[in-house]
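Structure record follows, encoded as structure tokens.
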Amino acid sequence: MASAPSKFESFRREDAGYEAARRATCRNAHLPDRYPDIIVQAATEADVVAAVRLAKTNNWKVGVRSGGHSWSCNHVREGGMLLDISRLNAVSVDPQAMRATAGPGCRGNELDDLLAKQELFFPVGHCHGVGLGGFLLQGGFGWCSRVLGMACESVLQIDYVDADGELRHASPEENADMYWAARGAGPGFCGIVTKFHLRLYPRPAVIGARLATYSADKFEEVIRWARDVGPNVPDSVELMFVISRCIPGIDGPGVLLIAAVFADSLEQAHHDLAFLETRPGRAEFVSPFEQMALATLTKETMAHYPEDHRHIVDNMWTHASADELLPALHGILETLPPAPAHFIWVNWMPKLRRPEMAFSLEDDVYIAMYGLWAKDADETRISQWVRDGLARLSPHSTGIQLADENLARRQAPFMSEANRDRLERIRSEQDPERRFHTYGRLAG
Ligand SMILES: Cc1cc2nc3c(=O)[nH]c(=O)nc-3n(C[C@H](O)[C@H](O)[C@H](O)COP(=O)(O)OP(=O)(O)OC[C@H]3O[C@@H](n4cnc5c(N)ncnc54)[C@H](O)[C@@H]3O)c2cc1C
């Protein structure tokens, strides 16, 4: 067995720092019971090349971690190598060309901080800390994505290390299959992206939101309204509900309506939010439109995803009617555990024609359940809430998002069948020895 190159940090199971290194790769405090043989912390592309060659020599499978925000900790597998590339986080911005390059370990909010200073924009994710690596590979539901498209549509090229440990480049002209796969394959990508080449946009002149809160007895009315107005909500507006037991001013379960807008002017923002005037009355609280930095909007969202909690998450797309969905949704609401557990309803209504890419499954409405708990004793109850909720909703599901995937526990479609077949053909050509792990299973 060849030994690990000494220039990068690595930990074997018996090493003192092993458990800390394994733990550090996961944002989810619910660590899986899976133990790689070796954890390698790469800091450069050359390290990634050397690590993949080492894995090949030892016939190890490789799991890759960028920002560690996979809810399912997909990168942590039993045996083989866990390659932590979070240190590949350099960013360079070319404002004239409206282009940037970013390492996969760069966090969306870090990229946005840099871009905000130059009045530039990229559709980064809605929460702090999400790594660009996993976010872009699975598609990327970013702020303003209803206008700009999935974040992966703004990936122009990638640099990646292939299964033989060669550094390569992919674009529409070169290694086009891998470029296709890098936009939507998520944890099924059969290479390691070391750099993304990104298209940038002018920063929307006005970013802000209106909020409203409703007590649980208005839930049905709110959902019926959302299903009615959904198709006509302007693309500049992201309309979503968070349903939780910690909605300010509400005792018990409640609904937080968030309507975020990305507009060219204040006038447009008000115009695009005008549909809110048709919302159900008797809200507990309604905010006026408030302009805010994207970082503030992101911070508000984070309140529902505290760092130190354990999570089990699952999700689905649907185009079912309110009548079809409400019986299942009522069941989920009635059994809603204490906060921070919650579920969300997102009015997605895709209208854009997507380019040819692996990402290929979406629908009108996105529903996701976030089971969060702090104490071991709550695990069974809260996991059961997520499991039962998705079981109730599943007859109306058309598939899932990889962003909140739970494939180790529940299989569901996440791309079109044709794209799944194409991806498997690419994997057979590019990674015949199956060096890289693919979509999660409970073990291995
Ligand atoms: C609090 C929170 C908020 C979120 N908000 C959003 C959101 O607004 N929009 C959205 O779309 N998603 C969101 N997500 C989901 C998130 O985008 C995915 O979990 C994504 O996979 C995280 O990327 P990561 O690099 O941080 O995760 P990681 O756990 O490091 O990576 C996830 C998987 O992607 C693969 N992978 C990662 N990097 C590479 C690479 N460089 N090369 C090859 N394969 C790689 C690996 O298989 C890995 O297991 C959120 C997640 C959390 C925890």
Side-chain angles (χ1 to χ4, degrees), residues 24-30 32 34 42 45 48 52 61-77 82-89 102-110 112 123-145 150-152 155 158-163 170 178 181-182 184-196 238 240 260 294 297-298 301-307 309 311 313 315 340 344 346 348 359 362 366 368 370 372 401-408 431 435-440:
T25 66
C26 298
R27 184 201 190 262
N28 189 346
H30 186 44
R34 304 188 290 261
E45 278 178 335
V48 179
V52 174
K61 281 176 103 73
V62 179
V64 187
R65 181 260 178 158
S66 288
H69 274 52
S70 155
W71 301 102
S72 60
C73 304
N74 176 71
H75 51 282
V76 183
R77 301 294 181 106
L82 165 51
L83 183 50
D84 181 346
I85 58 170
S86 55
R87 291 158 188 79
L88 272 73
N89 57 1
C106 171
R107 315 297 169 140
N109 53 290
E110 293 166 354
D112 183 64
V124 297
H126 295 70
C127 290
H128 272 272
V130 177
L132 286 183
F135 171 75
L136 290 172
L137 282 169
Q138 52 89 14
F141 298 81
W143 289 118
C144 204
S145 267
M150 302 296 297
C152 71
V155 173
I158 56 163
D159 298 344
Y160 70 99
V161 174
D162 72 10
M178 290 297 270
F189 183 67
C190 47
I192 302 178
V193 179
T194 54
K195 194 182 281 176
F196 293 95
E238 292 185 16
M240 70 176 281
L294 191 67
L297 210 45
T298 302
T301 317
M302 281 313 286
H304 298 280
Y305 305 94
E307 284 272 350
H309 278 61
H311 302 66
V313 167
N315 73 93
I344 63 168
V346 179
W348 182 242
F359 179 88
E362 58 193 322
Y366 180 64
Y370 300 89
L372 284 86
Q401 264 189 25
L402 286 174
D404 294 332
E405 60 93 4
N406 187 28
L407 291 167
D431 185 13
R435 183 69 47 224
F436 300 114
H437 286 292
T438 178
Y439 304 104

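Each ligand, and each atom within it, is numbered from 1 in the order the structure gives. No hydrogens, no waters, no symmetry mates; every other heavy atom, side chains included, goes into these values.
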| query | Taking the side chain as C-beta and beyond, is there a heavy-atom pair between Met178 and Phe189 under 4.5 Å? | reply | yes
| What pair of heavy atoms forms the shortest contact from Ala403 to Phe141, and how long is it? | CB-CD1, 4.3 Å
| query | Are any non-hydrogen side-chain atoms of Ile158 and Phe196 less than 4.5 angstrom apart? | reply | yes
| field | Which atom of Pro187 lies closest to which atom of Asn74, heavy atoms considered | value | CB-ND2, 3.2 Å
| note | Interatomic distance, NE2@His126 vs OG1@Thr301, rounded to 0.5 Å, equals 7.0 Å
| Taking atom types as modelled, is there a side-chain donor on Asp404 or Trp71 under 3.5 Å from an acceptor on the other? | yes
| query | How would you list, by chain and number, the residues with a heavy atom under 4.0 angstrom from ligand 1? | reply | Arg27, Val64, Arg65, Ser66, Gly67, Gly68, His69, Ser70, Trp71, Asn74, His75, Ile85, Pro104, Gly125, His126, Cys127, Val130, Gly131, Gly133, Gly134, Phe135, Leu137, Gln138, Gly140, Phe141, Pro187, Gly191, Ile192, Val193, Ala403
